[in-house]
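Order of the sequence lines fixes the chain letters, A, B, ..., with proteins taken first and strands second; residue numbering starts at 1 for each chain.
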Protein chains: 2
Amino acid sequence: MVQNIIVTVDVVLLTLRDERLHVAVQRRDKEPYNGQLALPGGYIHDNEDFDAEGSARRMLKDKTGIAAPYLEQLETFANSARDPRGWSVSVAYYALVAPESLSVGQLDLLPVDGLPVLAFDHNKLVAAAVQRVRNKAAYSSLACYLLPERFTLTELQHTYEKILGSRLDKSSFRRKISSLDFLEMVKDEVQAGRQRPAQFWKLKQGSLTIFDKLL
Amino acid sequence: MVQNIIVTVDVVLLTLRDERLHVAVQRRDKEPYNGQLALPGGYIHDNEDFDAEGSARRMLKDKTGIAAPYLEQLETFANSARDPRGWSVSVAYYALVAPESLSVGQLDLLPVDGLPVLAFDHNKLVAAAVQRVRNKAAYSSLACYLLPERFTLTELQHTYEKILGSRLDKSSFRRKISSLDFLEMVKDEVQAGRQRPAQFWKLKQGSLTIFDKLL
DNA sequence: GAAATAGTGTCTCTCAGACACTATAAA
DNA sequence: TTTATAGTGTCTGAGAGACACTATTTC
């Protein structure tokens with residue numbers, strides 16, 4: 001059995017900037033699609049990577065310097081038409097980071113709504129990631145990963161609102177969040193401003209908390 | 001760039017039998033894992049299959065004769081350790097069928113709880129599929145695909161109960177289902193028995209309906 | 001004091017769970 | 001009539017949405 005199949009990993013790196021979800025892209029410097037915008041990604045190195053998630057982390061590290069974002073497998077795109085070189089498989093991952101932690105190097109950040117045409121089927125990958133995030137955020141603590149480690153409840157609520165695209169009631173939101181008990185108060189740390197200071201919070205444990213739909 | 005990576009598709013075919021979820025497995029007749037139980041699956045044929053879902057359908061068709069079950073991509077398992085032949089990728093799918101439509105040929109049906117050790121990492125694939133089905137069934141019309149085309153509301157309720165592993169209230173269940181409006185009454189068709197006949201229903205359109213958690 | 005935002009209290013309306021009830025068949 | 005299951009009606013308690021209120025800072 002001889003297969004002639006290209007195996008790659010691509011990463012949809014999302015962050016929140018100027019009130020909207022943005023995705024990281026870079027201009028390709030080789031064929032195919034030379035000069036076009038594409039997601040960070042590349043071949044799996046079967047002599048170097050242990051698994052596909054490892055490949056994804058390597059690519060993120062190489063291209064953004066980010067070592068430990070929220071990272072999850074998205075979907076696999078595999079057919080004979082997506083790459084002019086032949087039958088190809090892309091195991092797609094998506095990653096979430098706080099805008100602060102992203103020093104844009106070789107990468108550009110573009111709003112996910114109204115993207116230009118990207119290389120390969122990368123527009124599809126972005127669409128799938130955005131749909132997944134919008135959907136999953138509605139019933140989980142996912143939104144926290146788009147914020148820095150410490151944040152206020154108002155910032156968290158605004159993050160949810162930007163992702164979901166709808167207003168949330170402050171009182172209901174706080175009731176829900178505090179009943180779920182996945183946040184930990186950062187003692188003695190508050191956000192100062194020209195008004196009443198806001199309490200800082202952070203995620204309690206590493207794992208994602210799932211709950212009933214917020215909206 | 002030369003890659004030495006095996007690319008396969010495996011299918012977790014699930015059905016409901018004797019009150020419990022069962023998975024279809026077959027005994028392997030070649031190395032590696034010769035003689036062990038494994039999921040139906042195999043190499044992607046890059047000269048024959050258009051995409052990975054096509055591969056999955058081909059394998060289902062070849063090994064079960066089933067042409068159009070509910071079929072969805074599950075997750076991709078890709079690392080250097082899962083196959084003794086080297087770095088390998090398995091794009092896993094799961095399929096749901098009514099027990100009636102399954103004429104067990106070369107396949108065995110085993111309860112998903114308490115499976116023996118399967119070849120490769122196939123126990124992991126089954127676990128992932130079962131978790132996905134149990135989770136997704138709670139907030140969608142997924143359970144309908146484990147029933148024949150026509151079914152009664154009581155049968156549907158029992159199907160949900162078997163998947164979710166908990167009792168549902170008849171009145172609440174019917175309120176919910178009818179408010180969601182994804183079922184169509186099969187006029188003049190009822191299930192006879194030694195008591196009041198039950199109305200038959202079927203899915204209205206092809207696509208899955210998503211709703212708030214049942215439980 | 002005013003302005004601005006953080007954070008809480010309370011009312012109401014909806015809806016899920018519980019459960020009793022009615023309906024329609026076979027024997 | 002009894003038995004068995006299909007299918008409906010009704011009460012209640014928990015919780016979400018709406019919104020008004022209090023709290024704490026800067027100026």
* Asked: Short question: side chain of A:Gln157, backbone of A:Leu168 - any donor-acceptor pair under 3.5 Å?
  -> yes
* **Short side-chain to backbone donor-acceptor contact, A:Asn79 and A:Ala81, under 3.5 Å** => yes
Nucleotide [N], atom [atom2] - distance to [atom1] of [X] in whole Å:
{"X": "B:Ile177", "N": "D:dA6", "atom1": "CD1", "atom2": "C1'", "value": "16 Å"}
{"X": "A:Leu180", "N": "D:dA16", "atom1": "CG", "atom2": "P", "value": "9 Å"}
{"X": "B:Gln199", "N": "D:dT5", "atom1": "CD", "atom2": "P", "value": "19 Å"}
{"X": "A:Gln157", "N": "C:dG7", "atom1": "CD", "atom2": "P", "value": "11 Å"}
{"X": "A:Phe211", "N": "D:dA16", "atom1": "CZ", "atom2": "P", "value": "11 Å"}
{"X": "A:Lys213", "N": "C:dC15", "atom1": "NZ", "atom2": "C1'", "value": "17 Å"}

* To do: Take the angle between the ring planes of B:Phe211 and B:Phe182 and call it parallel below 30°, perpendicular above 60°, tilted in between.
  => parallel
* A:Asp212: side chain to side chain contact (heavy atoms under 4.5 Å, CB included) partners, not counting sequence neighbours -> A:Lys176, B:Lys213
Does the pair [X]/[Y] count as a salt bridge with the N-to-O cut at 4.0 Å?
{"X": "B:Lys63", "Y": "B:Asp10", "value": "no"}
{"X": "B:Glu75", "Y": "B:Arg132", "value": "no"}
{"X": "B:Lys204", "Y": "B:Asp181", "value": "yes"}

Distances under 3.5 Å between protein N/O atoms and the N/O atoms of nucleotides 24-27 of chain D, please, pair by pair.
unit_1: D:dT24; atom_1: O2; unit_2: A:Arg196; atom_2: N; d: 3.2
unit_1: D:dT26; atom_1: O4'; unit_2: A:Arg194; atom_2: O; d: 3.3

* Toward the 5' end of DNA chain D, by each residue's nearest nucleotide, A:Leu214 or B:Leu153 -> B:Leu153
* To do: Examine the side chains of B:Tyr93 and B:Glu53 and answer whether a donor and an acceptor come within less than 3.5 Å of each other.
  => no
* Asked: Looking at DNA chain D, which of residues 163-176 of chain A put a heavy atom within less than 4.0 Å of it?
  -> A:Asp169, A:Ser171, A:Ser172, A:Arg175, A:Lys176
